[in-house]
Amino acid sequence: DPDSAEPRLYRLWEESGVFAPSDDPAAPAFSMAIPPPNVTGSLHIGHALNTTLQDVLTRFARMRGAAALWLPGMDHAGIATQMVVERQLAASGNIGRRDMGREAFVERVWEWKAQSGGTISRQLRRLGASCDWSRERFTLDEGLSQAVRKVFVTLHRQGLVYRDKRLVNWDPQFQTAISDLEVEQREVDGHYWHFAYPLEDGSGEIVVATTRPETMLADTAVAVHPDDPRYQPLIGRCVRLPIVGRPIPIIADDYADPEKGSGAVKITPAHDFNDFKVGQRHRLPMINVLDPEARLNDNAPVGWRGLDRFAARKKVVEEFEALGLLRGVEPVRHAVPHGDRSGVVVEPYLTDQWWVDAKTLAKEAIAAVEDGRTRFVPQHWEKTYFEWMRNIEPWCVSRQLWWGHRIPAWFGPDGRAFVAETEAGAAEAAREHYGRDEPLRQDEDVLDTWFSSALWPFSTLGWPDKTADLARFYPTHTLVTGFDIIFFWVARMMMMGLHFTGEAPFRRVFINALIRDAGGAKMSKSKGNVLDPLELVDAYGADALRFTLVAMSGQARDIRLSTARIEGYRNFATKLWNAARFCEMNGCRPVAGFDPGSVREAINRWIVGETARATGEITRALEDCAFDAAATAAYRFVWNLYCDWYLEFCKPILQGTDEAGKPETRATAAWALETILKLLHPTMPFITEELWAKTGQRQTMLIVEPWPELSEAWIDPGVVADMALVVGTIATGRAVRAELNVPVSARPPLIVTEADPSQRRVLEANAAIIIQMLRVEGLRFDAAAPRGAVPYLADGAAFALPVAEFIDLAVERARLTKDIAAHGADIERTGQKLANASFLARAPEEVVEENRDRLAEAEAAKAKLEEALARLDAIG
RNA sequence: GGGCGCGUAGCUCAGCGGGAGAGCACUCGCUUCACACGCGAGGGGUCGCUGGUUCAAUCCCAGCCGCGCCCACCA
């Protein structure tokens, strides 16, 4: 019962301190920093996937003897959190943040953080996350704040952080600058309006087009292409800007595209990124006509001031129409930039902001991936990373918000900025500069949330102090995260990590998929297709959810999650439980000092080898982050090999009267089960830990048991071949019975009509197994099958089941004919291949050999079946 | 416009140079003493299309068709 067991087991782990890395100096370090969730958020299914994969890697590393540290923490998520709290204030009818004032508002956010901040960590615990809570960090805690200040000041001193007045993406809702990455293009319906601007001397007009008529109030030029013959005579002359009345020049610039519209384009340097560059080239005035809320400001004509941008748009169009200068309008569907959080249209806006010289920092971050210091898995994500990094733009890091790291810059009376880690440091610098004490005012702005996130892998380990943790656990081993934050986060951690520590912050980046609903749609609250991980845990258990997420975590970029799949893996957990129960009921308990390499019994030697094989597969898969392969290998081994075959093989021995074979088989079954529990533990920690305790006297918990390292030399090819014959005899025999509708209750003898001496030995040795599993009455060796016995072939041996009384001759004839035809087709194809001279000449010898064997086997089988069919015809 | 990825069984996906696999769904038979969340047996696929490379192509290359995502684009 996972409901009660899971929390109990989690408490046991947590209280015993096993989540903290071992301090054994001999243990190699393995570390990961969690992608810190939003402190006021709650866990969604994407977190569940991300968390599960990290936990699998952590538990795997821990069991392999590493000092495994998975460091948890939360992000203050500046704009997102501020938004939530502002909404709460609005909803509760409280005064807004501006009326509250900065201090009161920030206090309010801290209150909210205290109240909701525990949600995520509780949810992570429910999933079984084995992170070291004693090292939990928060991006706004004192240590990390110190790291942030240190980084900002250092970068500033190095000229990599600077203040600049230029266009930013301005979010009028939050009234802050946002970075390019926080801008989301949305397709919307709009219009192209064609406006005529009269030449200043009244000798004509020039037509420009725009989708944002209100910006014309800030136009400072009209540009045409220098080679455009239509406009040659106009270059250097002026138009009189309607409504405003300002004369503005007609300039020549390559930016104007003669193919587009009239070939002339209005230039609004303060409100358009392209126009800004044109304005810089031509030293045009930059007139900002908007206020922070995107209303017209005092640079707009009297009578227009205070008007909202969209109202202004309408009014400009009306005005042009009234002036007889509207030359056309056409509808257009186009992409318009929106704030990703606010959802409102953002405006290019001219302000002073702090910038990070990302281009310079990117150089080493690119090199580190190029030379493999950091690898992406799947590797193709490197291309995405390179693409962005090689075209990176300066990063605007200041935000006009209140929730976040206050920028460590103080302004003097003349506006000069003094950047220092402390106010005292800034004051000292100011004193030095001015020659006396001057009043300083700290920058009101805070840093982009991602600025502190960029430091996460080393700031959480104590940087800038030279802590023991930093020395031991940095760089981290693997980062597990989603592709949606490669730019926001991964790239920036690479830049900052390399710049400040000289080492890439992680050796490997595993990019996990995005979870969609069963139909492939993105999960969203509005669509109502959200699967809440906690509800799934309640319904199926954390292990089943975890196994599902791991099993579905291939290299594809999305996962379509359905509850049917989770149900399937819940059944797997039940299967495991029942296998353990079987062992318990049959006295299979771990034996101290048991040596798997020394077992004698064929079935036991076989399962020992298969266990070693599965262990190797799973280990390699986990090493490579091939999570789905690991899950599939484990699933198949447990269900289709251990349960379906091995435990069935054990029954005749364990439930028989002969005591001689029992001890070894019990010990082997228990050992294999124990190994299974270990192999499954990273993925299904709860049920395996529970079964670990239930199936033996344990000194330690499974979570700290050593990972199995089994010799693949235990895979004995002879035993594998022998058991293949036993399996084939049973499986094919069952198929024959089923096809011919032989009742389950019928117990014919099994007659072995052809078997070479070694096969005969194997069949005799495993007779009890065959008798029980094929439900036959006995095993006889007799070259002459009785009349009406049904023949079948398995692994080169021939068998007959005397079930004449149940046979429908037509059905049996059809069965034989179908098999003969199949062999015939095989013979033809293989024969053709072997008749091809270039195949014989160029294909590797073992491939040719394989085909010769195939041909011989098919021919022999076909001959035998034809013989049987002839006998049948003789009867019928 | 630039980039990335995906088209394999009814559905969701593995496989990625030597006769196509899994889970779910479907059909048939089983209350067989671990398990009906089960056991056993089945049906079902010109591996998107067209060329090329190769003794051999689902797998490698090119082109095309279809789908998705990211970046840029408010003349």
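Convention: sequence-line order gives letters A, B, ...; per-chain numbering from 1.
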Give [X] one of three labels, base, sugar-phosphate or nothing, depending on what nucleic acid heavy atoms sit under 4.0 Å from its own.
{"X": "A:Tyr255", "answer": "base"}
{"X": "A:Ala264", "answer": "nothing"}
{"X": "A:Val222", "answer": "nothing"}
{"X": "A:Thr830", "answer": "base"}

Check whether the ring centres of A:Tyr569 and A:Tyr635 lie less than 6.0 Å apart, and answer yes or no. yes

Ring centres of A:Phe483 and A:Trp381 under 6.0 Å apart? yes

Under the 3.5 Å rule, do the base of [N] and the side chain of [X] count as making a donor-acceptor pair?
{"X": "A:Ser838", "N": "B:C55", "answer": "no"}
{"X": "A:Lys383", "N": "B:C4", "answer": "no"}
{"X": "A:Glu648", "N": "B:A34", "answer": "yes"}
{"X": "A:Arg829", "N": "B:G19", "answer": "yes"}
{"X": "A:Arg565", "N": "B:C24", "answer": "no"}

Donor-acceptor pairs under 3.5 angstrom involving side-chain atoms of residues 543-550 of chain A: please list them, not counting sequence neighbours.
residue, atom, partner, partner atom, Å
A:Asp543, OD1, A:Phe686, N, 3.1
A:Asp543, OD2, A:Ile687, N, 2.7
A:Arg546, NE, A:Thr683, O, 3.0
A:Arg546, NH1, A:Asp55, OD2, 2.8
A:Arg546, NH1, A:Leu127, O, 2.8
A:Arg546, NH2, A:Asp55, OD2, 2.8
A:Arg546, NH2, A:Pro682, O, 2.7
A:Thr548, OG1, A:Ala544, O, 2.6

If you measure from the [atom1] atom in [N] to the same atom in [M], how many Å do you get, rounded?
{"N": "B:C69", "M": "B:C28", "atom1": "C1'", "answer": "44 Å"}
{"N": "B:A20", "M": "B:C59", "atom1": "C1'", "answer": "11 Å"}
{"N": "B:C11", "M": "B:U31", "atom1": "P", "answer": "35 Å"}
{"N": "B:C4", "M": "B:U54", "atom1": "P", "answer": "28 Å"}
{"N": "B:G68", "M": "B:G10", "atom1": "C1'", "answer": "22 Å"}
{"N": "B:G15", "M": "B:A9", "atom1": "P", "answer": "15 Å"}

Check each of A:Thr729, A:Val742, A:Leu774 against A:Arg734 using the side-chain contact (heavy atoms from CB on, under 4.5 Å) test, and report the only one that passes. A:Leu774

[X] and [Y] ion-paired at < 4.0 Å:
{"X": "A:Arg327", "Y": "A:Glu205", "value": "yes"}
{"X": "A:Lys651", "Y": "A:Glu648", "value": "yes"}
{"X": "A:Lys862", "Y": "A:Asp826", "value": "no"}

Phosphate-side-chain proximity, [X] and [N], N/O vs OP1/OP2 below 4.0 Å:
{"X": "A:Trp639", "N": "B:C39", "value": "yes"}
{"X": "A:Lys651", "N": "B:U32", "value": "no"}
{"X": "A:Thr210", "N": "B:A75", "value": "yes"}
{"X": "A:Asn571", "N": "B:G38", "value": "yes"}
{"X": "A:Gln772", "N": "B:C39", "value": "no"}

For RNA chain B, determine which residues of residues 178-194 of chain A have any heavy atom closer than 4.0 angstrom to one of its atoms, and list them numerically. A:Gln185, A:Tyr192

Side chains of A:His194 and A:Glu330: does their closest heavy-atom pair fall under 4.5 Å? yes

Classify the ring geometry between A:Tyr385 and A:Phe376 as parallel (under 30°), tilted (30 to 60°) or perpendicular (over 60°). tilted

Runs of at least three Watson-Crick or G-U pairs with RNA chain B, cut-off 3.5 Å: B:1-7 with B:65-71, B:10-13 with B:21-24, B:26-30 with B:38-42, B:48-52 with B:60-64

